[in-house]
Q: 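Sending over a structure as structure tokens; questions will come in a sec.
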There are 2 protein chains.
Amino acid sequence: MQVLRAMKSTSVSTEKDRAESLEGNQAGKREQTKLANRAAILEAGRQIFAELGYEGTTVRDIIRRTELASGTFYNYFKSKEEVFHALHDDGVARFKPLLRAARESAGQDFQAFMITAFEAYFNFLMNDQSVDREIAAMPEWTRVRFDTPESLALFDELKGDIIAFAAEFKLNHVDPELLTASCVGIAQEIGDRLLRGRIKDIDAAARFAAYFVLGGSQRVQSEMQV
Amino acid sequence: MQVLRAMKSTSVSTEKDRAESLEGNQAGKREQTKLANRAAILEAGRQIFAELGYEGTTVRDIIRRTELASGTFYNYFKSKEEVFHALHDDGVARFKPLLRAARESAGQDFQAFMITAFEAYFNFLMNDQSVDREIAAMPEWTRVRFDTPESLALFDELKGDIIAFAAEFKLNHVDPELLTASCVGIAQEIGDRLLRGRIKDIDAAARFAAYFVLGGSQRVQSEMQV
DNA sequence: ATACGATGTTGACGCGCTGTCAGCTTTTCG
DNA sequence: CGAAAAGCTGACAGCGCGTCAACATCGTAT
């Protein structure tokens, strides 16, 4: 049985847009079911991953939560990994505009960019219904991390921004790759602690990270004393 | 068939010590085979994980590389995850003394500690036969990360060191948890790039990281211009 | 030396997941 | 409307999982 009007309202946004864009036009029924099935699988996957963790879920678990037959799954995805990648990429796509907004609101102000960007990331982490959020928050010892092309594109975009600011501030001896990597590493580790509740204050964390990137622990010291 | 004198010379060091310490004494034969079996499984696991990746390997793959029967595996480990954790912990145990050496050689010099510690970590990553090294170097999109109690203990030790230096330098407004987390994040991301060959110069990377932690991008700029 | 209990090993078994494919249903289009 | 294309279905063979009754080996008491 195919899934026609499945998709709960919680469905993944970018994917939903994809569906709706064809729905308005009188798309062929075939086209519609394909979109609906894909969306149903993704939504089921999002739920199951959140419940069972990445390792714990099976393709069968996902498909069982839809009205589709097991074989149909493989018309849309090769494996659970591909489902997760699609969900992950969707999250990245949702975050991208937030990063762009941070850059635009900051103008030439490197410090403002850093604070806004870290804030945007941490808020996104804590509030967006992304798979990564659910997964990372699980009390597991073994975790997964994903480097999709979409992730790498985001990294490159951030690197581009950082290169621009570095040029502005004559940081010509600072390797942009290393600098960007460090920012990402910091965001990851601090984000992880936020998700696990070991740290509560999102804004303080963002300021810490931003000052740290700009001037290291010394700068943090001078800025954080109220 | 039990494995008595299995262990290749490449076997995991800490575990090997455990075996040899009992071998010298006239340990019971039972005791010996237990150690040898455990070691054989670990060594087989190390190889297979390196060949097939974490996700790709099965308990059967591991046991097939030993002379043991499948049921025996479960007398020693609950799952492949537990094998990996043991291998991982072993790596952590091998790294720990290197970190201690860095702290002792640095005396009261925070900068020296940071440089030596990052150098030690990056060299360890690139040269030690750890599972993590092999795994991280694989061209996968999906990766695993492990937070074992052993890892957390290492983190706490590092945090303790950092707290000591922070007190020395009156960094009383710098949250040690966040600072340590940032160091770890930087080490992870840069280490990853070293493993994947995107970056070559280990010492330059260590200096970058150390200066970055101390004084952020500005400090890197002023220190790295030869 | 022998015998017996304890300890550990073995591999076959039932179960569930994987990915496939022949057959069937639905859609498209002339 | 009818034929061809598209795609859904679920049964199936293959394999990994964790278990366990039967068996082998070791330690120990006599």
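Here is the naming used below: chain letters follow the sequence lines, and residue numbers restart at 1 for every chain.
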Q: Just jot down the salt bridge (Lys or Arg N to Asp or Glu O under 4.0 Å) partners of Asp175(B), sequence neighbours excluded, or say none.
A: none
Q: Could you state the atom-to-atom distance from CG of Asn37(A) to P of dT26(C) in whole Å?
A: 14 Å
Q: Rounded to whole angstroms, how far apart are CZ on Arg38(A) and P on dC8(D)?
A: 13 Å
Q: Tell me the interatomic distance from Lys34(B), atom NZ, to dC26(D), atom P, rounded to whole angstroms.
A: 14 Å
Q: Would Arg65(B) and Glu51(B) pass as an ion pair if we require N to O under 4.0 Å?
A: yes
Q: Sequence neighbours left out, what pairs pass ring pair (Phe, Tyr, Trp, His ring centres under 6.0 Å) with at least one residue falling in residues 185-209 of chain B?
A: Phe208(B)-Phe212(B)
Q: Suppose we screen for ring pair (Phe, Tyr, Trp, His ring centres under 6.0 Å). Which residues come up paired with Phe124(B), at least two apart in sequence or across chains?
A: Phe95(B)
Q: Nearest whole angstrom, please: distance from the P of dC8(D) to the CD of Gln32(A).
A: 14 Å
Q: For Ala164(B), what residues pass the side-chain contact (heavy atoms from CB on, under 4.5 Å) criterion, not counting sequence neighbours?
A: none
Q: Decide, yes or no, whether a salt bridge links Asp128(B) with Arg133(B) under the criterion of side-chain N to carboxylate O below 4.0 Å.
A: no
Q: Expressed as a whole number of angstroms, how long is the span from Ile41(B):CD1 to dT9(C):C1'?
A: 11 Å
Q: Residues two or more places apart in sequence or in another chain: which of them pass side chain to side chain donor-acceptor pair (under 3.5 Å) with Arg198(A)?
A: Glu177(B)
Q: Applying side-chain contact (heavy atoms from CB on, under 4.5 Å), name anything that partners Glu81(B), two or more places apart in sequence or on another chain.
A: Thr142(A), Tyr54(B), Ser79(B), His85(B)
Q: Please give, in whole Å, the distance from dT25(C) C1' to Leu68(A) CG?
A: 15 Å
Q: I'd like to check the side-chain contact (heavy atoms from CB on, under 4.5 Å) partners of Arg143(B); sequence neighbours left out, ordered by chain and number.
A: Arg145(A), Asp147(A), Asp192(B), Arg196(B)
Q: Scan nucleotides 28-30 of chain C against the protein and return all N/O pairs shorter than 3.5 Å with their distances rounded to 0.1 Å.
A:
residue, atom, partner, partner atom, Å
dT28(C), OP1, Lys29(A), N, 2.6
dT28(C), OP1, Arg30(A), N, 3.1

Q: My understanding is that only residues two or more places apart in sequence, or in another chain, count here; which of them pass side-chain contact (heavy atoms from CB on, under 4.5 Å) with Arg100(A)?
A: Lys96(A), Arg103(A), Glu157(A)
Q: Specify the residues of residues 71-84 of chain B, ordered by number, for which at least one heavy atom lies under 4.0 angstrom from an atom of DNA chain D.
A: Gly71(B), Tyr74(B)
Q: Identify, residue by residue, the members of residues 58-65 of chain A with a heavy atom below 4.0 Å from DNA chain C, and return them in order of residue number, or none.
A: Thr58(A), Val59(A), Arg60(A), Arg64(A)
Q: Just to verify, what does Ser151(B) make a side chain to side chain donor-acceptor pair (under 3.5 Å) with, not counting sequence neighbours?
A: His88(B), Thr148(B)
